[in-house]
Amino acid sequence: MNKQNKVLIVNGSPRRSKNCSKIIENITKKLEENKINYEVLNIYRMNIDYCTACGYCERTGKCIIKDDMTPLYEAFDKSIGTIVVSPMFFQSISTKVKTLVDRTQAFYSSKYILKKPSIDIKKERRGMFIAVGGQPEYENQFLGGQLVMDLFFKCINTKLISNVYMSNSDEVAFSENMVFQEVLNEAVINYIKEINDLM
């Protein structure tokens with residue numbers, strides 16, 4: 001596979017070796033088995049500053065802030081897909097994932113305001129969102145995060161093909177949740193098929 005066609009996996013958890021990390025290990029194993037190139041972005045170890053709504057991207061299509069987000073614009077552009085794995089914080093994605101999402105305003109501005117996309121809008125990409133909630137399942141548990149992620153995948157010009165939700169992680173960890181493991185496995189198999197169809 002072309003090195004440019006990576007699947008980017010966003011680890012949106014500040015905790016190491018917990019549920020999100022275990023989920024990502026499960027995914028990367030399957031990607032490796034299918035010889036799909038990938039990169040894990042441990043964003044809590046990266047310097048990504050907050051969007052300040054300065055308006056610079058609305059005039060230029062680019063972000064004025066120079067930090068670890070800067071090379072990610074090119075990475076998203078060259079990627080063939082993105083998988084976001086995030087714990088739920090107050091019925092939404094984690095703080096760092098939201099920061100990452102907000103910084104894709106540069107893509108949004110270039111596409112929808114300036115009409116001069118700074119990301120290749122002709123290239124097909126595939127996305128998947130995986131959310132982990134600590135509480136037992138309840139109605140609209142993941143809706144807040146989903147609404148934000150829907151916009152994120154539109155910004156990075158990636159077709160979101162799967163949303164996978166794990167509830168009750170405070171009581172039943174990923175390693176013990178056989179039902180969710182089956183759901184995840186099916187979603188990843190389908191995702192890999194979609195990626196291979198793009199190659």
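Taking CG of N42 as the start and OG of S13 as the end, the distance is 9.5 Å to the nearest 0.5 Å. Distance check, rounded to the nearest 0.5 Å: SG of C155 to CD1 of I119 gives 9.0 Å. Expressed to the nearest 0.5 Å, how far CD1 of I113 lies from SG of C57 amounts to 6.5 Å. Between L72 atom CG and C63 atom SG the span is 11.5 Å, to the nearest 0.5 Å. M149 contributes atom CE, which lies 9.0 Å from atom OG1 of T82 (distance to the nearest 0.5 angstrom). Rounded to the nearest 0.5 Å, atoms CD1 (I48) and CG (L41) are 8.0 Å apart.
No more than 12 heavy-atom neighbours from other residues, nucleotides or ligands sit within 6.0 angstrom of OH on Y50. In the displayed structure, F174 atom CZ is contacted under 6.0 Å by more than 12 heavy atoms of other residues, nucleotides or ligands. Summarising the local packing, NZ of K22 is surrounded by 12 or fewer heavy atoms from other residues, nucleotides or ligands at distances under 6.0 Å. Dense packing is recorded around NZ of K111, with more than 12 heavy atoms of other residues, nucleotides or ligands lying under 6.0 Å away. Atom CZ of F90 has 12 or fewer heavy atoms from other residues, nucleotides or ligands within 6.0 Å. Within 6.0 Å of CD in E32 there are more than 12 heavy atoms belonging to other residues, nucleotides or ligands.
Under a hydrophobic clustering in which Ile, Leu, Val, Met, Phe, Trp and Tyr are joined whenever their side-chain heavy atoms come within less than 4.5 Å, directly or via other members, F89 and Y138 fall into different clusters. Residues V10 and V164 do not share a hydrophobic cluster, defined by chaining ILVMFWY side chains whose heavy atoms lie under 4.5 Å apart. Side-chain heavy atoms closer than 4.5 Å link hydrophobic residues (I, L, V, M, F, W, Y) into clusters, and following such links, possibly through other members, connects V132 to V183. When hydrophobic clusters are built by joining Ile, Leu, Val, Met, Phe, Trp and Tyr residues whose side-chain heavy atoms come closer than 4.5 Å, directly or via intermediates, I27 is not grouped with F129. Residue I83 is grouped with residue V188 when hydrophobic side chains (ILVMFWY) are merged at heavy-atom distances under 4.5 angstrom, including chains of intermediate members.
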| task | Could you go through the salt bridge (Lys or Arg N to Asp or Glu O under 4.0 Å) check for K123 and D77 one step at a time? | result | CA-CA 9 Å; K123 181 175 182 178; D77 186 28; over 6 Å; no
| request: Before giving the answer on side-chain contact (heavy atoms from CB on, under 4.5 Å), spell out for V7 and I36 the whole-Å C-alpha distance, their side-chain angles and the decisive distance to 0.1 Å. | output: CA-CA 8 Å; V7 171; I36 293 176; 3.9 Å; yes
| message | Show, in sequence, the C-alpha distance, side-chain angles and deciding distance for R126 and E124, and conclude whether the salt bridge (Lys or Arg N to Asp or Glu O under 4.0 Å) test is met. | response | CA-CA 7 Å; R126 296 292 181 263; E124 290 195 58; 2.9 Å; yes
| Verdict with reasoning, D68 to R45, per salt bridge (Lys or Arg N to Asp or Glu O under 4.0 Å) | CA-CA 10 Å; D68 289 342; R45 303 179 204 172; over 6 Å; no
| message | Walk me through whether E25 and K29 qualify under salt bridge (Lys or Arg N to Asp or Glu O under 4.0 Å). | response | CA-CA 6 Å; E25 288 175 11; K29 181 180 179 181; over 6 Å; no
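A donor and an acceptor atom, one from each side chain of K122 and N157, are nowhere located under 3.5 Å apart. In summary, the side chains of S167 and Q141 do present a donor paired with an acceptor at a separation below 3.5 Å, with no hydrogens or angles considered. Under 3.5 Å, the side chains of Q181 and N185 contain no donor-acceptor pair of N or O atoms.
The existence of a salt bridge linking D150 and K154 is excluded, since no basic side-chain nitrogen approaches an acidic carboxylate oxygen closer than 4.0 Å.
Checking side-chain atoms of K159 against main-chain N and O of F153 turns up no donor-acceptor pair under 3.5 Å.
Ring geometry for Y165 against F142 counts as parallel: the plane angle stays under 30°, on a 0 to 90° scale with 60° as the upper cut.
Contact record, L114 with T60: CD1-C, 3.6 Å, taken as the closest heavy-atom pair.
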